[in-house]
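Below: the structure, in structure tokens.
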Amino acid sequence: MIVSKDPNEVREQILSWKSQKLSVGFAPTMGFLHEGHANLFVRSSSENSKTVVSIFVNPAQFNDPEDYAKYPVNTEGDLEICKKSKVDLVFLPEKDTMYPGGIPEVELKIPHLMKNLDAITRPGHFEGVLLVLSRLFHSIPADRSYFGKKDYQQYLIVKDFVKALGFPMEIIGVDTVRSPEGLALSSRNARLTDSEKEEALLLSRALRLGESQIRGGEKDPQEVLNVMKDVLDSSSKITTDYLEILNADTLEELHILKGEVLLAVAAFLGQVRLIDNITVRVS
Ligand code: PAF
């Protein structure tokens, strides 16, 4: 496995693979890798000749400096997981290489997908994600890039962004990996105490209950939201950031549940902010 901090070296390597007609899959990450990430890498390996992973905690996408400062780091453990998942190249850039001269003043937006959810509660977050991805995609001109659907809004925005800017790259969304109890795997889970982890299960429980209401024939999003809200409110440790039901393709609000529907939640457990979602097809 090649490990490099140098964007030019990484680009040269990828271009050399592509000149040999080898396909390249890419999974951008912020490290502190877990099974959810490994799942992206394995998927990429099964669909491409070479798999590239980047590990970079991107300061431009944190609207809360404390959240950035506390983001967990474990480079040695990450490299082990990459090796086990048969990753071919790990790009480990420094902050100064990614942003020489500091974070540039440029604002990248996909306005129609940035009207709700994390775009509102984390102002500047997606602009920072699109900025780092633009830089990463220059160094890593992959054929396919893999994104976890736990960050569902990010996945939709990136898909649209790549299409709008004409990056010759396919964006592939990969299903969320959960603990056996249902907790969506996230690097942030490492910051939860055991009792907070227990309470965090209420997020996926609320989503599942919402899903069963919908499958039972409920067509009014407000009714479903009320049931889900009761689940979250049953814990005094949970502060809900948002709880929404939207069209899963456009992120538009719905008055009647129809088509592919997204149930999305963000909540704080103490200082830790967690997100989760599911999609349900309504006939
Ligand atoms: O999903 C993430 O981990 C990050 O937002 C990403 C895509 C690696 C950009 O920093």
Side-chain heavy atoms under 4.5 angstrom apart, residues restricted to Ile, Leu, Val, Met, Phe, Trp, Tyr: same cluster for [X] and [Y]?
X: V158; Y: I140; value: yes
X: L225; Y: V282; value: yes
X: L22; Y: V52; value: yes
X: L40; Y: V132; value: no
X: I171; Y: I157; value: yes

Just by distance, do the side chain of [X] and the backbone of [Y] share a donor-acceptor pair under 3.5 Å?
X: R11; Y: H138; value: yes
X: S234; Y: V231; value: yes
X: E196; Y: T193; value: yes
X: Q153; Y: L113; value: yes
X: T250; Y: E252; value: yes
X: Q213; Y: L209; value: no
X: N48; Y: S44; value: yes
X: T279; Y: L262; value: no
X: Y71; Y: R188; value: no
X: D241; Y: L274; value: no

Do [X] and [Y] make a side-chain contact, defined as non-hydrogen atoms from C-beta onward lying under 4.5 Å apart?
X: F161; Y: S134; result: yes
X: V10; Y: L89; result: yes
X: S145; Y: I172; result: no
X: L156; Y: Q154; result: no
X: L131; Y: V129; result: no
X: L246; Y: L254; result: no
X: L117; Y: Y242; result: yes
X: K229; Y: T240; result: no

Exceeds 12 heavy-atom contacts within 6.0 angstrom, atom [atom1] of [X]:
X: K258; atom1: NZ; answer: no
X: E260; atom1: CD; answer: yes
X: E198; atom1: CD; answer: no

Between atom [atom1] of [X] and atom [atom2] of [Y], what is the distance when rounded to the nearest 0.5 Å?
X: S204; Y: E211; atom1: OG; atom2: CD; answer: 11.5 Å
X: R205; Y: M228; atom1: CZ; atom2: CE; answer: 14.0 Å
X: E218; Y: E223; atom1: CD; atom2: CD; answer: 5.0 Å
X: I110; Y: L165; atom1: CD1; atom2: CG; answer: 7.5 Å
X: N58; Y: R135; atom1: CG; atom2: CZ; answer: 10.5 Å
X: L232; Y: S235; atom1: CG; atom2: OG; answer: 8.5 Å

For [X] against [Y], the heavy-atom pair lying closest together:
X: N247; Y: D249; value: OD1-N, 2.7 Å
X: S54; Y: L136; value: OG-CD1, 3.8 Å
X: P72; Y: S187; value: CG-O, 3.7 Å
X: A200; Y: L192; value: CB-CD1, 4.2 Å
X: V87; Y: T51; value: CG1-O, 3.6 Å
X: L257; Y: I245; value: CD2-CG2, 3.5 Å

Are the aromatic ring centres of F91 and F56 under 6.0 angstrom apart?
no
Ring centres under 6.0 Å, that's the criterion: do F167 and F137 meet it?
yes
Under the criterion side-chain contact (heavy atoms from CB on, under 4.5 Å), I'd like the reasoning laid out for N189 against L183: C-alpha separation, chi angles, the key distance, then a yes or no.
CA-CA 9 Å; N189 295 352; L183 180 63; 3.6 Å; yes
For Y68 and Q61, run side chain to side chain donor-acceptor pair (under 3.5 Å): C-alpha distance rounded to whole Å, both residues' side-chain angles, the deciding distance at 0.1 Å, then the answer.
CA-CA 9 Å; Y68 172 61; Q61 71 187 72; over 6 Å; no
Ion pair [X]/[Y], N-O distance below 4.0 Å:
X: E107; Y: K109; result: yes
X: D143; Y: K18; result: yes
X: D276; Y: R178; result: yes

R273 and side chain to side chain donor-acceptor pair (under 3.5 Å): which partner among D118, D67, T239?
D118
Here's a test for you: under side chain to side chain contact (heavy atoms under 4.5 Å, CB included), which of V162, V106, L108 qualifies with L130?
L108
Would you call the rings of H34 and H37 parallel, tilted or perpendicular, where under 30° means parallel and over 60° means perpendicular?
tilted
From CA spacing to verdict: side chain to side chain donor-acceptor pair (under 3.5 Å), E199, S195:
CA-CA 6 Å; E199 302 284 313; S195 78; over 6 Å; no
Criterion side-chain contact (heavy atoms from CB on, under 4.5 Å) on F41 and T29, from CA distance to verdict
CA-CA 11 Å; F41 310 160; T29 82; 4.0 Å; yes
Residues that E170 engages under salt bridge (Lys or Arg N to Asp or Glu O under 4.0 Å), provided they are two or more places apart
R144
Check the pair I275 / K150 against side-chain contact (heavy atoms from CB on, under 4.5 Å), numbers first and verdict last.
CA-CA 7 Å; I275 58 173; K150 184 175 75 65; 3.8 Å; yes
Consider only side-chain N and O atoms of N39 and E35, and report whether a donor and an acceptor are under 3.5 Å apart.
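Result is no, nothing qualifies.
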Applying side-chain contact (heavy atoms from CB on, under 4.5 Å) to D151 and F147, what does each step give before you reach the verdict?
CA-CA 8 Å; D151 298 290; F147 289 82; over 6 Å; no
Which pairs, with at least one residue in residues 76-95 and sequence neighbours excluded, count as a side-chain hydrogen bond (donor to acceptor under 3.5 Å, both in side chains)?
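Of all non-adjacent pairs touching residues 76-95, those that pass side-chain hydrogen bond (donor to acceptor under 3.5 Å, both in side chains) are K5-E94.
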